[in-house]
Amino acid sequence: MTTPTSSSGRAWRVGADIDTDALAPGAYMKFGIDEIARHCLHRVRPEFAAEVRPGDVLVAGPNFGIGSSREQAAAALVHLGVRAVIAPSFNGLYFRNAFNVGLLLLTCADAQRIAEGEALTLAPRDGYVELADGSRLTCETVPGFLLDMVDAGGLLNLLRQRTTASPSTSHGVSSC
């Protein structure tokens with residue numbers, strides 16, 4: 001599988017310490033992902049959910065995804081069509097949840113150099129983001145198994161693909 005690059009999306013900037021409650025507000029957790037996504041980032045960018053377009057990229061400061069471990073915080077961005085989140089650092093649980101639902105995260109120390117609305121080319125396999133002026137920001141290379149999850153649309157989709165692509169085996173288990 002190959003993770004495609006994209007230059008069609010625009011960058012949306014947010015600050016540091018964006019918590020999961022900003023991404024998936026607790027007041028809406030009793031509803032489905034449609035309603036949760038409608039309120040994504042409302043506290044910091046009220047226009048975000050209504051104006052973000054498929055392929056757009058979220059650019060954040062350090063500590064993105066801090067707070068509770070709610071998977072909906074990453075799923076809301078996927079639902080809105082966000083291509084990737086670029087930040088200097090991510091909360092560990094958010095990192096895991098994001099890839100599990102098919103959201104690409106790029107850890108990039110110089111993310112603050114990306115301007116609001118800038119068109120970007122993402123090269124996660126090669127470890128860089130190319131800016132509109134042709135300059136490149138180095139990012140941590142994303143391991144292939146995580147990119148496979150993004151390509152598949154998340155871990156469950158990847159597992160479904162793998163189980164339908166290969167015949168079922170007993171994995172050495174026998175019944176007595």
Side-chain angles (χ1 to χ4, degrees), residues 1-6 9 11-33 35-45 48-49 52 55-114 120 122-129 136-162:
M1 289 183 219
T2 3
T3 299
T5 59
S6 170
W12 289 79
R13 290 189 50 92
V14 294
D17 304 318
I18 298 297
D19 63 28
T20 55
D21 198 52
L23 296 161
Y28 300 97
M29 294 300 291
K30 62 185 172 190
F31 301 107
I33 196 65
E35 187 66 19
I36 294 167
R38 270 194 282 280
H39 300 279
C40 183
L41 291 172
H42 188 266
R43 186 175 73 202
V44 294
R45 295 283 309 252
F48 179 77
V52 69
D56 285 355
V57 175
L58 191 60
V59 179
N63 303 319
F64 188 84
I66 59 174
S68 69
S69 64
R70 59 183 79 154
E71 186 176 270
Q72 295 88 339
L77 292 174
V78 170
H79 188 77
L80 293 171
V82 171
R83 166 80 174 98
V85 180
I86 303 169
S89 61
F90 296 92
N91 171 277
L93 287 171
Y94 186 84
F95 190 88
R96 173 180 271 176
N97 286 335
F99 282 98
N100 282 346
V101 298
L103 179 62
L104 176 62
L105 301 183
L106 295 172
T107 305
C108 180
D110 292 327
Q112 76 282 354
R113 289 188 41 207
I114 300 170
L120 305 171
L122 309 178
R125 288 192 190 276
D126 299 321
Y128 69 86
V129 172
R136 291 181 176 180
L137 301 180
T138 301
C139 300
E140 292 180 14
T141 304
V142 179
F145 75 96
L146 292 178
L147 292 174
D148 289 347
M149 289 191 332
V150 171
D151 289 342
L155 178 60
L156 291 178
N157 288 338
L158 180 64
L159 293 174
R160 281 186 199 105
Q161 289 173 4
R162 288 183 177 172

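Remember, it's a predicted structure, so these values are computed and weren't measured experimentally. What you see below is based on every heavy atom in this structure, not just the backbone, and it leaves out hydrogens, waters and symmetry mates.
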Show the nearest heavy-atom pair for residues [X] and [Y], with the distance to one decimal.
{"X": "A111", "Y": "P88", "value": "CB-CD, 4.1 Å"}
{"X": "Q72", "Y": "I33", "value": "O-CD1, 4.1 Å"}
{"X": "V129", "Y": "C139", "value": "CG2-SG, 3.6 Å"}
{"X": "L105", "Y": "V142", "value": "O-CG2, 3.8 Å"}
{"X": "I86", "Y": "C108", "value": "CG2-CB, 3.7 Å"}
{"X": "L103", "Y": "A74", "value": "CD2-O, 4.1 Å"}

Worksheet entry | By salt bridge (Lys or Arg N to Asp or Glu O under 4.0 Å) - contacts of R45 (at least two apart) |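 Only E47, E116 meet the salt bridge (Lys or Arg N to Asp or Glu O under 4.0 Å) criterion with R45.
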
Discussion item. Under the rule for salt bridge (Lys or Arg N to Asp or Glu O under 4.0 Å), what residues qualify as partners of E140, not counting sequence neighbours?
Written reply: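 If we apply the salt bridge (Lys or Arg N to Asp or Glu O under 4.0 Å) test to E140, skipping adjacent residues, there are no hits.
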
I'd like to check [X] versus [Y] (side-chain heavy atoms, cut-off strictly below 4.5 Å). Are they in contact?
{"X": "L41", "Y": "V52", "result": "no"}
{"X": "Q112", "Y": "R13", "result": "yes"}
{"X": "W12", "Y": "V82", "result": "no"}

Discussion item. Please check this pair: side chain of N100 against backbone of L155, looking for a donor-acceptor N/O pair closer than 3.5 Å.
Written reply: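 Checked: no pair found.
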
Worksheet item: Within the side chain of S89, is there an N or O that forms a donor-acceptor pair under 3.5 Å with the backbone of N63?
Response: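 A pair under 3.5 Å: yes.
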
Discussion item. Go through it in stages, so that I can follow the logic: the residues are R43 and D19, the test is side chain to side chain contact (heavy atoms under 4.5 Å, CB included), and I'd like the CA-CA distance, side-chain angles, deciding distance and then a yes or no.
Written reply: CA-CA 11 Å; R43 186 175 73 202; D19 63 28; 2.9 Å; yes

Item to complete: Run the salt-bridge test on D148 and R162 with the 4.0 Å N-O cut-off and return the result as yes or no.
Response: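 Looking at D148 and R162, the cut-off is met.
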
Could you tell me the separation between the [atom1] atom of [X] and the [atom2] atom of [Y], rounded to the nearest 0.5 Å?
{"X": "I66", "Y": "N91", "atom1": "CD1", "atom2": "CG", "result": "7.5 Å"}
{"X": "L104", "Y": "D151", "atom1": "CG", "atom2": "CG", "result": "9.5 Å"}
{"X": "T20", "Y": "L93", "atom1": "OG1", "atom2": "CG", "result": "9.5 Å"}
{"X": "L122", "Y": "R83", "atom1": "CG", "atom2": "CZ", "result": "5.5 Å"}
{"X": "L77", "Y": "D56", "atom1": "CG", "atom2": "CG", "result": "11.5 Å"}
{"X": "R38", "Y": "F31", "atom1": "CZ", "atom2": "CZ", "result": "10.0 Å"}

Worksheet entry | Result of checking L23, N97, D21, I36 against R70 for side chain to side chain contact (heavy atoms under 4.5 Å, CB included) |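 Only one of L23, N97, D21, I36 forms a side chain to side chain contact (heavy atoms under 4.5 Å, CB included) with R70, namely D21.
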
Item to complete: Give the ring-plane orientation class for F90 versus Y94, where under 30° counts as parallel, over 60° as perpendicular and anything between as tilted.
Response: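 Correct class here is parallel.
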
Item to complete: Evaluate whether atom NE2 of H79 has more than 12 neighbouring non-hydrogen atoms of other residues, nucleotides or ligands under 6.0 angstrom away.
Response: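 Counting other residues, nucleotides and ligands, NE2 of H79 exceeds 12 neighbours.
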
Fill in: V14 and F48: CA distance, side-chain angles, deciding distance, side chain to side chain contact (heavy atoms under 4.5 Å, CB included) verdict
CA-CA 10 Å; V14 294; F48 179 77; over 6 Å; no

Practice prompt. Identify, with sequence neighbours excluded, every residue that meets ring-ring contact (aromatic ring centres under 6.0 Å, His included) alongside F99.
Written response: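 F99: ring-ring contact (aromatic ring centres under 6.0 Å, His included) contacts with F95.
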
